[in-house]
Amino acid sequence: MIFLNNIKKYQLSRLLEISSSFSQRLFNNEEPIARIFRYDQSRFLRGSYRLAGSTYLVPWFLVDISYYAIKCSNDFRANIPSEHDFLNIYRQFLKYDEQLTSSQYEKLKSTDKLFYMLFGLSQKSFWFQERHRLISMNARFYELLYEIPKRHTTIPQFYRHIENKYKVDFETYNISSIALLYISLNNLYYRFPYNIGPKLGNRNIDNDLLSTMLFDYIEDYGNVRKNSLESKQLYLTPVVRTSRNELLATSAFLIARKATTNLYWETRNLYRKSEGKELNQMLGGSFEIYVDELLAHYLPRHMYERLPERRKHKTSDIVITTNDYRIITEQKFSMLNISLQDTVFDIEKVDNWLKSYIQAVKQLGETSNQIDHNNKIIIKLILFFDDLYIADGLIKERILHLYKEETAEDIDLSNVFMIDIGDYEVLIYLIARNEGLFNKIMRVKLERDSKKDYSKGVEFNQIFQEYGVIENEYIKTKKLFRLD
């Protein structure tokens with residue numbers, strides 16, 4: 001355990017400062033991965049040190065190192081690490097992490113091992129590399145929690161819990177969250193007061209509000225050390241209180257994630273305390289309205305139908321009809337538990353999460369049997385609100401494997417695809433604005449899926465990019481919160 005033995009030798013706060021500084025540089029340069037060269041300082045030749053190798057610095061491993069630093073060290077170590085020392089620890093961590101991950105899956109079959117490792121790695125790392133999605137997710141949360149409840153009296157006013165706590169309107173709260181992100185992009189520590197410009201000041205945003213909101217981001221060393229979430233606790237509370245009572249931002253990426261999604265997480269916690277209910281169970285109705293408004297924005301009414309409740313006992317939610325396709329959609333509002341977004345996780349919990357989608361597949365199949373095909377190709381979509389960072393082909397194969405373990409009953413996975421709400425928005429836009437391109441993309445999707453050709457882009461967003469569909473035009477119609 002060279003890594004664990006060495007990291008505990010160094011002063012904790014300095015280790016966190018270096019990790020945070022690297023993270024900040026990666027974030028500000030819009031480059032989530034950086035190649036760091038290593039030089040042999042014992043070999044000084046021709047006026048320079050000899051190149052001894054290189055390491056790829058990635059922000060998700062910086063988070064892990066910050067956690068292990070908190071777990072193993074403290075602020076009173078006399079040994080102050082340099083960046084060179086930190087990079088040596090980083091390289092030692094890579095070996096440690098590889099051994100830890102391998103031991104997690106060593107008793108599994110090779111196919112099972114491959115799935116779980118790909119699942120864990122994608123959930124852990126991909127959002128760091130696609131952080132542009134965070135602003136879009138923030139806009140959708142804002143719609144579900146605020147705009148839709150304001151327009152529809154049947155939906156609970158979720159946003160009132162935030163407004164009552166902070167005594168500001170929900171929009172001001174969200175802008176203040178983004179302000180906390182911008183502070184972290186130029187500072188390793190939160191040290192109030194800050195100079196609040198007129199743009200924020202005119203919205204009654206001041207240092208008192210920002211410092212109060214920051215409490216939801218903060219955790220002490222001791223609570224991080226003993227928390228069962230381990231490094232994932234830093235995703236929920238990315239600011240740590242040092243022994244000098246200073247507030248250190250452990251990662252600019254984690255602050256960005258917290259700031260853009262906390263309108264959901266904090267509302268969820270407040271709603272649970274006040275109403276005694278789970279927010280996810282209540283947001284399903286708001287999500288249905290969001291999708292209905294998306295369809296109404298682009299498609300004439302005769303092209304789509306939301307199946308009425310009396311028909312939905314064993315059927316799906318929506319049927320869309322184009323010239324060549326009938327597209328059945330089953331909506332699912334659920335957020336993957338944060339403890340499963342890692343390379344080491346509870347395998348049984350992941351399997352149970354996957355099994356929950358067997359019912360969705362059955363509903364899609366039942367709907368396919370009930371509707372007229374009219375010589376059209378049937379496409380069956382499981383629509384997620386959350387981003388899913390793994391090939392749906394791999395997910396389908398795993399679901400089929402788990403299903404066959406429990407029953408001899410057949411399950412039809414043909415033309416069943418998982419899709420997140422961002423890709424679904426683009427798909428509906430293409431149906432309305434460029435059906436020829438939509439047809440071409442669907443043909444490619446079906447062909448690659450049937451051949452299990454994962455060497456090429458098989459996910460919707462990969463094929464969109466391949467055919468030059470880069471922008472999500474629908475999300476531009478929503479309130480995108482930025483300070484620039």
Side-chain angles (χ1 to χ4, degrees), residues 7 10-37 54-70 73 75 80-91 93-94 124-135 138 176-195 197 210-211 213-214 216-219 221 224 231-242 244 246-262 481-484:
I7 197 170
Y10 293 106
Q11 185 188 85
L12 170 55
S13 58
R14 184 56 188 153
L15 286 170
L16 295 178
E17 287 174 352
I18 296 172
S19 178
S20 180
S21 177
F22 278 132
S23 170
Q24 190 181 87
R25 279 180 259 177
L26 291 174
F27 194 100
N28 287 333
N29 291 337
E30 298 187 356
E31 185 61 55
I33 299 175
R35 189 177 184 186
I36 305 296
F37 292 97
S54 64
T55 300
Y56 285 96
L57 198 66
V58 296
W60 51 93
F61 285 152
L62 292 174
V63 174
D64 290 337
I65 290 175
S66 293
Y67 166 72
Y68 281 110
I70 294 170
S73 186
D75 286 345
I80 309 298
S82 64
E83 286 193 355
H84 177 76
D85 296 324
F86 184 91
L87 292 175
N88 282 335
I89 289 174
Y90 182 89
R91 283 186 286 272
F93 167 76
L94 296 182
K124 176 173 185 168
S125 65
F126 280 15
W127 76 265
F128 284 91
Q129 302 171 67
E130 298 183 350
R131 62 183 186 276
H132 60 275
R133 291 175 180 248
L134 292 175
I135 292 296
N138 177 266
S176 300
S177 297
I178 305 302
L180 289 173
L181 162 61
Y182 275 67
I183 291 173
S184 76
L185 300 184
N186 298 293
N187 302 273
L188 299 185
Y189 289 92
Y190 283 95
R191 289 168 174 154
F192 294 97
Y194 292 99
N195 181 24
L210 295 178
S211 60
M213 287 178 58
L214 190 67
D216 200 56
Y217 292 57
I218 301 170
E219 193 59 273
Y221 288 154
V224 175
S231 64
K232 286 295 176 286
Q233 179 58 35
L234 295 178
Y235 285 58
L236 301 178
T237 51
V239 178
V240 292
R241 191 185 304 276
T242 72
R244 299 190 305 273
E246 292 198 285
L247 303 177
L248 194 156
T250 57
S251 166
F253 290 86
L254 296 190
I255 297 290
R257 176 166 165 150
K258 177 76 172 179
T260 52
T261 62
N262 209 40
F481 285 83
R482 295 186 176 94
L483 296 186
D484 48 13

Determine yes or no for a side-chain-to-main-chain donor-acceptor pair under 3.5 angstrom, with Thr260 supplying the side chain and Ile135 the backbone. no
Ion pair present between Asp85 and Arg14, side-chain N to carboxylate O less than 4.0 angstrom? no
Examine Phe126 together with Phe128 and report whether their ring centres are nearer than 6.0 Å. no
Could you report the tightest heavy-atom contact between Leu26 and Pro59, atom names first, then the distance? CD1-CD, 4.0 Å
Give me the ring orientation class for Tyr235 and Trp127: parallel if the planes are under 30° apart, tilted from 30 to 60°, perpendicular past 60°. perpendicular
Where the side chain of Ser73 meets the backbone of Tyr10, is there a donor-acceptor pair that is under 3.5 Å apart? yes
With distance as the sole test, does Asp64 use its side chain to make a donor-acceptor pair with the main-chain N or O of Ser231 at under 3.5 Å? no
One thing to verify: whether Arg25 and Glu83 come together as a salt bridge, which I'm taking to mean a side-chain N less than 4.0 angstrom from a carboxylate O. yes
Any idea which heavy atoms bring Leu15 and Ala69 closest together, and the distance? CD1-CB, 3.9 Å
When rounded to the nearest 0.5 Å, the distance separating CD1 of Ile255 from OH of Tyr190 is 4.0 Å
Sub-4.5 Å side-chain heavy-atom contact between Val239 and Glu219: no
Start with the C-alpha gap between Phe93 and Ile7, add the side-chain angles, then the distance that decides, and say whether side-chain contact (heavy atoms from CB on, under 4.5 Å) holds. CA-CA 9 Å; Phe93 167 76; Ile7 197 170; over 6 Å; no
I'd like to check Arg257 versus Arg131 (side-chain heavy atoms, cut-off strictly below 4.5 Å). Are they in contact? no
Will you find, in the side chains of Ser13 and Thr242, an N or O donor that is under 3.5 Å from an N or O acceptor? no
State, with a plain yes or no, whether a side-chain heavy atom of Tyr189 is found less than 4.5 Å away from one of Leu248. yes
Ring centres of Phe22 and Phe86 under 6.0 Å apart? yes
Give, for atom CZ of Phe27 and atom CG of Leu254, the distance between the pair rounded to the nearest 0.5 Å. 10.5 Å
Heavy-atom distance under 4.5 Å between the side chains of Val63 and Phe253, does that happen here? no
Supply the atom-to-atom distance Thr250 OG1 to Leu234 CG, rounded to the nearest 0.5 angstrom. 5.0 Å
Interatomic spacing from CG in Leu62 to CH2 in Trp60 - rounded to 0.5 Å: 9.5 Å
Minimum-distance pair of heavy atoms, taken over all atoms of Ser20 and Ser251: OG-N, 4.4 Å
Closest heavy-atom contact between Ser184 and Leu181? OG-O, 2.7 Å
Taking all atoms of both residues into account, what is the closest heavy-atom pair of Pro32 and Gln129, and its distance? CG-CA, 4.0 Å
Can you confirm whether Thr55 sits close enough to Leu87 that some side-chain heavy atom of one is under 4.5 Å from a side-chain heavy atom of the other? no
Find the distance between CD1 (Ile70) and CG (Leu16) and round it off to the nearest 0.5 Å. 5.0 Å
Ignoring hydrogens, what is the shortest heavy-atom contact between Arg241 and Leu247? Give both atom names and the distance. NH1-CD2, 3.7 Å
Verify side-chain hydrogen bond (donor to acceptor under 3.5 Å, both in side chains) between Tyr194 and Asn187, making sure each step is shown before the conclusion. CA-CA 11 Å; Tyr194 292 99; Asn187 302 273; 4.7 Å; no
Drop me the distance from Tyr90's OH to Leu57's CG, to the nearest 0.5 angstrom. 4.5 Å
